[in-house]
Amino acid sequence: MSSASSSGPMPVLFVGHGSPMNAIEDNPWRRGWQAVGRRLPRPKAILCVSAHWETEGVYVGSGAQPDTLHDFRGFPRALFQVKYPAPGSPELAHRVAELLEGTRVHLDPQRGLDHGAWSVLSAMYPDADVPVLQLSLHSLQPGAWHYDLARQLQPLRDEGVLVMGSGNIVHNLRYWRPDMAEPYDWAARFDEDIAERIAEGHHEGMLGYETLGPDALLAIPTPEHYLPLVYVLALQREGEPVEFFNDQVSSSISMRSVLIGNV
């Protein structure tokens, strides 16, 4: 990968992606993604860690032209017709494998882009002209393992690569009520607790999220939507600013998104 410009390291981004319908609806979340896409330096490529690619082991999508995966059911036909034809980057896939030394990395040329990636990127980069690939979530490993793995990707920021985590800080579909605009008390409390920890740089306490009390167990019944945040936090450098956007909780889902670095 070629080196980044002299303007400094690429920021890192965590997005609360919520419903796949955000890909085609004009709403505050999508407008927030559009706005951050306009502010960011143009990346050479995007490495996305999405809640929707869980594996046993570590996999990287290495295809030159990844498909648009419609990895959901029960939504309107219009959503299944969306295509996001961004190119892949076999070169970056090999670079990721090179950086994750000591970890067996499987290159997957068949892997497409799931909605955790394309629903957001279709707003940020609607021309689909930035190469995109995904890094999977090793579902058998704890938060601290993911944090340590992600730290090895630090050089990508100096090579013009945008590392983006896509999930939700609070994500409990069992309690989701679409007609409930206000959040549950536990959802609001946990979202605020995590926001305070992020703002203060207290990463270590967030890695074992299951130890953070009863609110955490309701907010994160399964880890896959939370872990992409861990990858983004691991790439924060000393003194870098943190900015929140889309920072609202509806019912049992937090859309809070986090931008780290100088824009």
Side-chain angles (χ1 to χ4, degrees), residues 12-20 22-23 33 43 45-73 75 79-80 82-90 92-97 99-100 103-125 128 130-143 145-150 152-153 156 161-169 171 173 209 220-235 253 257-258:
V12 286
L13 181 67
F14 171 78
V15 287
H17 66 245
S19 167
N22 294 325
W33 302 336
I46 298 166
L47 178 65
C48 179
V49 181
S50 165
H52 297 285
W53 191 16
E54 293 184 272
T55 54
E56 292 187 16
V58 178
Y59 288 74
V60 180
S62 60
Q65 196 64 53
D67 290 335
T68 304
L69 302 179
H70 299 92
D71 52 332
F72 40 70
R73 293 180 297 178
F75 288 96
L79 191 58
F80 291 88
V82 174
K83 301 291 183 189
Y84 189 70
S89 177
L92 178 55
H94 283 90
R95 176 68 172 137
V96 170
L99 288 172
L100 299 180
T103 302
R104 186 180 180 192
V105 178
H106 307 268
L107 299 181
D108 185 348
Q110 304 303 319
R111 173 66 187 185
L113 302 178
D114 64 51
H115 77 271
W118 62 257
S119 67
V120 176
L121 294 176
S122 62
M124 290 178 62
Y125 302 104
V130 179
V132 183
L133 69 162
Q134 292 191 222
L135 171 65
S136 75
L137 286 172
H138 190 335
S139 60
L140 301 181
Q141 297 291 353
W145 183 92
H146 291 278
Y147 190 84
D148 291 341
L149 184 81
Q152 298 175 66
L153 300 173
L156 295 180
V161 176
L162 174 63
V163 179
M164 182 179 91
S166 181
N168 294 98
I169 290 173
H171 186 271
L173 292 182
Y209 65 88
I220 312 172
T222 55
E224 76 286 342
H225 276 77
Y226 181 81
L227 287 174
L229 173 65
V230 169
Y231 281 74
V232 170
L233 297 177
L235 295 174
I253 293 180
S257 300
V258 187

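Sequential numbering from 1 along the given sequence is applied to the chain's residues. Atoms considered below: every heavy atom in the structure, side chains included; atoms not considered: hydrogens, waters and symmetry mates.
In terms of modelled atom types and a separation under 3.5 Å, the side chain of Glu56 and the main chain of Leu140 share no donor-acceptor contact. Of the possible donor and acceptor atoms, none in the side chain of Glu54 sits under 3.5 Å from a partner among the backbone N and O of Glu224. The backbone N or O of Tyr84 sits less than 3.5 Å from a side-chain atom of Thr68, completing a donor-acceptor pair. Gln65 contributes a side-chain N or O that, together with a main-chain N or O of Ala86, makes up a donor-acceptor pair within less than 3.5 Å. Formation of a donor-acceptor pair under 3.5 Å by the Ser136 side chain with backbone atoms of Val58 is not found in this model. Side chain of His52 to main chain of Gly116: no donor-acceptor pair is present (N/O by atom type, distance under 3.5 Å, no hydrogens or angles). Judged by distance alone, the side chain of Asp67 and the main-chain N or O of Leu69 form no donor-acceptor pair under 3.5 Å. Using a distance-only test at 3.5 Å, with no hydrogens or angles considered, a donor-acceptor pair links the side chain of Ser257 to the main chain of Gly16.
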Practice problem: Decide yes or no on side chain to side chain contact (heavy atoms under 4.5 Å, CB included) for Leu79 and Phe72, but give the supporting numbers first. | Solution: CA-CA 10 Å; Leu79 191 58; Phe72 40 70; 3.7 Å; yes
Quiz item: Yes or no on ring-ring contact (aromatic ring centres under 6.0 Å, His included) for Trp118 and His70, after CA distance, side-chain angles and deciding distance?
Solution: CA-CA 10 Å; Trp118 62 257; His70 299 92; 5.6 Å; yes
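Atom CZ in Arg95 sits 10.0 Å away from atom CG in Leu100 (nearest 0.5 Å). Taking CG of Leu149 as the start and OG1 of Thr103 as the end, the distance is 5.0 Å to the nearest 0.5 Å. Atom CG in Leu235 sits 8.0 Å away from atom CG in Leu156 (nearest 0.5 Å). The CG atom of Leu227 lies 9.5 Å from the OG1 atom of Thr222; values are rounded to the nearest 0.5 Å. If you take CZ on Phe14 and CG on Leu229, they are separated by 5.0 Å, rounding to the nearest 0.5 Å. Rounding to the nearest 0.5 angstrom, the gap separating the OH atom in Tyr59 from the CG atom in Leu135 is 12.5 Å.
A search for side-chain hydrogen bond (donor to acceptor under 3.5 Å, both in side chains) contacts involving Asp71 returns His115, not counting sequence neighbours. Ser19 is linked by a side chain to side chain contact (heavy atoms under 4.5 Å, CB included) to Met21, Asn22, Phe75, counting only residues two or more places apart in sequence or in another chain.
A pairwise comparison of heavy atoms in Ser62 and Pro109 identifies OG-N, 3.2 Å as the closest pair. The minimum heavy-atom distance linking Ser89 with Leu133 is given by the pair O-CD1, 4.1 Å. Closest approach of Gln134 to Leu113, counting heavy atoms only: OE1-CA, 3.2 Å. Minimum interatomic distance between Pro66 and Gly88 (heavy atoms only, all atoms of both residues): CD-N, 3.2 Å. Closest of all the heavy-atom pairs between Trp33 and Ser119 is CZ3-O, 3.6 Å. When all heavy atoms are compared, the tightest approach of Cys48 to Ser166 is SG-CB, 4.3 Å.
Partner Leu47 forms a side chain to side chain contact (heavy atoms under 4.5 Å, CB included) with one of Leu153, Val12, Leu162 and no other, that one being Leu153.
Within a 6.0 Å radius of NE2 in His138, other residues, nucleotides and ligands contribute more than 12 heavy atoms.
For His146 and Tyr231, the side-chain atoms include at least one donor-acceptor pair closer than 3.5 Å.
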